[in-house]
Protein chains: 2
Amino acid sequence: MREVAALAGVSLKTVSRVINGEPAVSAELASRVRAAIERLDYRHNRAASSLRRSDGKSAAIGLLLEDVANPFSSALHREIENVALRRGVLVFAGSSDEDAARERSLIAEFTSRRVDGLIIVPASHDHSYLLNERRAGTAMVFVDRPAGFLDVDTVLTDNEGGTREGIAHLIAQGHRRIGYLGDLQTIATAAWRYRGYMNELAAQRLEADPRLVRLNLRGIEKAEIAAGELLSTSPPPTALFAGQNLLTIGAYRALRKLNLHKRIALVGFDDFLLADLLEPAITVVAQDAGALGRAAAEQLFRRLDGDRSPSVHEVLSNRLITRGSGEVRP
Amino acid sequence: MREVAALAGVSLKTVSRVINGEPAVSAELASRVRAAIERLDYRHNRAASSLRRSDGKSAAIGLLLEDVANPFSSALHREIENVALRRGVLVFAGSSDEDAARERSLIAEFTSRRVDGLIIVPASHDHSYLLNERRAGTAMVFVDRPAGFLDVDTVLTDNEGGTREGIAHLIAQGHRRIGYLGDLQTIATAAWRYRGYMNELAAQRLEADPRLVRLNLRGIEKAEIAAGELLSTSPPPTALFAGQNLLTIGAYRALRKLNLHKRIALVGFDDFLLADLLEPAITVVAQDAGALGRAAAEQLFRRLDGDRSPSVHEVLSNRLITRGSGEVRP
DNA sequence: TATAAGAATGACAACGTTGTCTTAACCGGT
DNA sequence: ACCGGTTAAGACAACGTTGTCATTCTTATA
C-alpha cells in the first residue's frame with residue numbers, strides 16, 4: 001500500500017480511502033490511485049485491515065458440519081455459501097465426525113482466526129464453553145440439532161412430527177407391526193425421531209414391540225444387519241421405518257437380499273439421490289437441507305447486522321414424499 | 001495479551017514466548033503465564049500473529065471446487081480437510097459453478113485473506129492471472145483438470161484411459177454400436193473422455209457414427225432426453241457410455257422409461273452411491289476422489305514445507321467396476 | 001474583503017502480535 | 001576478584017492497515 005501511495009504521489013491514507021470507497025477523495029486522485037493499484041498488482045490485505053478496523057470484522061465465518069462429504073451436510077454448506085458469498089463473506093468448513101473433542105478443537109481454530117460468526121451442527125451436548133466466545137461478540141447459530149447449556153439461535157426441522165407422519169402413513173396402509181431402525185441415541189435428532197415413532201404408535205393405540213426396535217446403528221452395513229435380524233423375528237414386521245438416510249439404504253439392501261423389497265413396506269427419514277429409481281422407489285420424509293442452511297445463514301447475518309433481540313428458535317417442517325415403498329400393503 | 005502479561009507480572013514478549021513454545025522461558029514464569037491465560041480466557045489472535053510473523057503463514061488454505069455439494073467435490077474436500085487439519089490448517093471452500101468469473105472472484109477473496117495455498121478445480125482456461133500470486137509465494141495445486149497458461153503442480157486422473165477401458169469392455173461384450181453422452185466440451189475432463197471414446201473405437205477399427213454422440217449435456221434431465229433420442233436412431237445403439245455421473249443417471253432413467261434397461265448396456269464414468277442397488281447395477285469407471293484430494297493436499301504441503309523443485313504432474317488411474325449393466329450383451 | 005463552513009488530504013497512532021536487540025543475572029574457571 | 005560465556009527477560013519497532021485529528025484549500029456568504 002505504501003508503494004501504491006508513492007507511485008500515485010498521495011498519502012497512505014488516501015489509498016486506504018479509495019480502497020474502502022470513502023467519499024472524500026477527488027476523482028483525480030482516486031483514478032491515479034486506481035492506476036497505481038493496477039500497475040503494481042496490489043492486493044488488499046484483509047487480515048491487516050480487520051485487525052485495525054473498529055468493527056474488527058474478518059468477513060469469514062466458521063461452519064461445523066458432521067462431515068463435509070455427506071450429502072445432507074454438503075447441501076447445507078452450499079446454501080450457506082450462497083448467502084455468505086453474496087456479502088463477500090467466506091466460509092471455513094470443518095467436519096466433527098460426531099466427535100465432541102473434534103468439535104471443540106475445530107471451533108477453537110475458527111475463533112482463533114477471528115471469524116465473525118459460527119454455524120454449528122453440534123456433536124457434543126454441553127456448549128457452555130462457547131459463552132465467552134459469545135460474550136466476545138462472535139455471532140452463532142445452531143442448525144439441525146439443539147445447543148446444550150447455551151441460549152442461542154437455533155434452526156431445526158420437525159423431527160418428531162416428520163417421523164409421526166411417516167409412521168401414521170404406514171399405519172394408514174394397514175400396517176400394525178412396524179420395525180424401527182435408529183441412529184445413535186446421543187444425537188438429538190435421532191432421539192426425537194425415535195420419540196416420534198413411539199408417540200405415534202401410542203397415539204394410535206398400537207402396542208410397541210421392543211423386539212422390533214434397533215437403535216444406535218451407524219452406517220449402511222450395521223443397518224443392513226439389524227434390518228435382516230428384525231425381519232427374522234416372529235411374527236415379523238410388515239413394514240420398516242429407518243430413521244436416517246444411510247439406515248434406509250441399509251434396510252433396502254436387507255430387503256433386497258431377502259427378496260422382500262416388494263412385500264415389506266419401507267419409509268425412511270431423509271431423502272437421497274436415486275431414491276426414486278430404486279425398485280420400488282423409496283417413500284421418505286424429506287428434510288430440506290438447503291432451506292435449513294439458508295435459514296441459519298440468514299439468521300446469522302441478521303445478528304451480524306446488529307440484531308440484538310432474544311434468541312430465535314426456528315423449526316422447519318418436513319414433507320412426506322410417497323414413491324411406492326411406503327405404500328406396500330401388509 | 002497485554003492483560004495476560006500484566007496479570008502474570010511479566011512482559012508481553014514473555015507471554016508470546018510461552019504461547020509459541022519458545023524454549024527460553026523459566027518453568028516458573030511459564031506456569032504463571034499459563035495460569036493467567038486460563039483465568040482471563042485469553043485467545044491467541046492468529047490474524048495478528050500471522051501479520052507480524054516473518055513467514056506470514058495464516059494456516060489457512062483456499063479450496064475451489066465445482067460445487068461443494070456435489071459428491072465428487074465433497075469427497076475431495078473431505079480428504080483435503082483431513083490432511084490439512086492434521087497440520088492445524090483450516091480450509092476455505094468455495095463453489096465455482098463452472099463459471100470463470102466466479103472462479104476468479106473466489107480466488108481473489110481467498111488471496112486477500114492471505115491463504116498459504118490454493119487447491120483449485122479450475123472452471124476457466126487461462127490462469128495467467130495467478131502468476132503474480134505465485135510469485136508472491138502462494139502455493140497452489142490444480143486438481144482433476146489442468147491449468148491454462150500456468151506451469152503448476154497438477155493431480156489428474158487418467159480420463160482418456162479410463163474411458164477407453166470402459167469402451168473396450170463394451171466392445172469385448174460384442175457391442176459395435178455404442179452411444180456416447182458427454183458433458184460440456186469446454187471442461188477438459190469431458191473433452192479427454194470423448195477423445196478416449198473416439199480413440200478406442202478407432203483402435204478397434206470400429207466406425208464412429210456421429211448420430212450416436214451427444215455432447216455438451218449438463219445435468220440429469222438433459223442426459224435423459226438425449227439418451228432417449230439416441231435410442232430412437234436407426235439402427236439404435238446396443239450400448240451407451242455416459243461420460244459423467246449425472247449423465248449416467250439420466251441415461252439410466254431413459255432406459256428405464258423405455259423399459260430397455262435390461263436390453264441395452266450402460267457404462268458410466270464416475271461411481272455414485274447406490275449404483276450397486278439399481279436394476280441392473282451400474283458398471284462404472286470409478287475415480288477415487290479421496291485419493292485425488294489426498295494427493296493434491298500432500299503436494300500442496302510439500303510446497304509449503306519449502307519444496308522448490310519443478311512442477312509435478314501426477315496422474316491417478318481409474319478402475320472399471322463391473323456390476324451388471326455393462327455386461328448386457330447385444 | 002474578510003470570514004465561516006465545508007471538502008479534501010495527510011500525519012500519526014494504534015490494532016495484537018513477533019523479530020531483534022539489549023540488559024541483567026548467573027555460571028564455572030582462573 | 002575478575003572474566004567470558006550462557007541464559008532469561010524485557011524494550012522497542014514493525015507487520016499492513018484504518019481511526020482520529022490537524023491542516024490546507026475551496027467556496028459561499030456577509
Note to self: Could you check whether B:H127 and B:Y129, counting side-chain N and O atoms only, form a donor-acceptor pair closer than 3.5 Å?
What the structure shows: no

Notebook entry, point to check: Tell me: CZ of A:R43 to P of D:dT17, nearest whole Å?
Noted result: 12 Å

Margin query: Both B:P23 and B:L51 contact DNA chain D. Taking the nearest nucleotide for each, which residue is further toward the 5' end?
Written below: B:P23

Checklist line | Atom-pair distance (CD1 on A:I19; P on C:dT9), nearest Å | finding: 15 Å

Next item on the list: Would you kindly give the CG-to-C1' distance between A:L12 and C:dA13, to the nearest whole Å?
Entry: 13 Å

Check: What integer distance in Å separates A:R2:CZ from C:dC12:P?
Finding: 15 Å

Checklist line | Nearest to side-chain heavy atoms of B:V10, which nucleotide of D:dT18, C:dT17, D:dG10 | finding: D:dG10

Next item on the list: Look at the rings of B:H77 and A:H77 and say which category their plane angle falls in: under 30° parallel, 30 to 60° tilted, over 60° perpendicular.
Entry: tilted

Notebook entry, point to check: What nucleotide, of D:dA9, C:dT18, D:dT17, holds the atom closest to the side chain of B:S26?
Noted result: D:dA9

Next item on the list: Select base, sugar-phosphate, or nothing to describe what A:T14 touches, counting heavy atoms under 4.0 Å on all strands.
Entry: sugar-phosphate

Notebook entry, point to check: Between A:H125 and A:F149, does the ring centroid distance fall short of 6.0 Å?
Noted result: no

Margin query: Is there a side-chain contact between B:S16 and the phosphate of C:dT17, meaning an N or O under 4.0 Å from OP1 or OP2?
Written below: no

Checklist line | Separation of C:dT17 C1' from A:R114 CZ (nearest whole Å) | finding: 11 Å

Checklist line | Protein-nucleotide distance (B:E22, atom CD; D:dA8, atom P), rounded to Å | finding: 12 Å

Next item on the list: By nearest nucleotide on DNA chain D, pick out whichever of B:E28 and A:S50 is the more 5' one.
Entry: B:E28

Next item on the list: Measure from the side-chain heavy atoms of A:K13 and tell me the nearest of D:dG10, D:dT18, C:dG16.
Entry: D:dT18

Next item on the list: Report yes or no: is there a donor-acceptor pair, N or O only, under 3.5 Å between the side chain of A:R17 and the base of C:dG10?
Entry: yes

Check: Is there a donor-acceptor contact under 3.5 Å from the side chain of A:R294 to the main chain of A:L76?
Finding: no

Check: With respect to the phosphate group of D:dC15, does any side-chain polar atom (N or O) of A:N45 fall under 4.0 Å of OP1 or OP2?
Finding: no

Next item on the list: Quickly work out the A:R46 CZ to D:dT17 C1' distance and round it to whole Å.
Entry: 13 Å

Check: Going by an N to O cut-off under 4.0 Å, is there a salt bridge joining B:R34 and B:E28?
Finding: no

Note to self: From C-beta outward on B:S11, which listed nucleotide comes closest to its side chain: D:dG16, D:dA14, D:dA11?
What the structure shows: D:dA11

Next item on the list: Could you tell me whether A:A24 contacts a base, only the sugar-phosphate backbone, or nothing, with contacts defined as non-hydrogen atoms closer than 4.0 Å?
Entry: base

Next item on the list: Check every atom of D:dG10, D:dT17, C:dT9 against the side chain of A:S49 and return the nucleotide holding the closest atom.
Entry: D:dT17

Check: Looking for any heavy atom pair under 4.0 Å, which part of the strands does B:L29 touch: base, sugar-phosphate only, or nothing?
Finding: sugar-phosphate

Checklist line | Atom pair distance, as rounded to whole Å: CE in A:M1 and P in D:dA14 | finding: 18 Å

Check: Between A:R113 and A:E109, is the closest basic N to carboxylate O distance under 4.0 Å?
Finding: yes

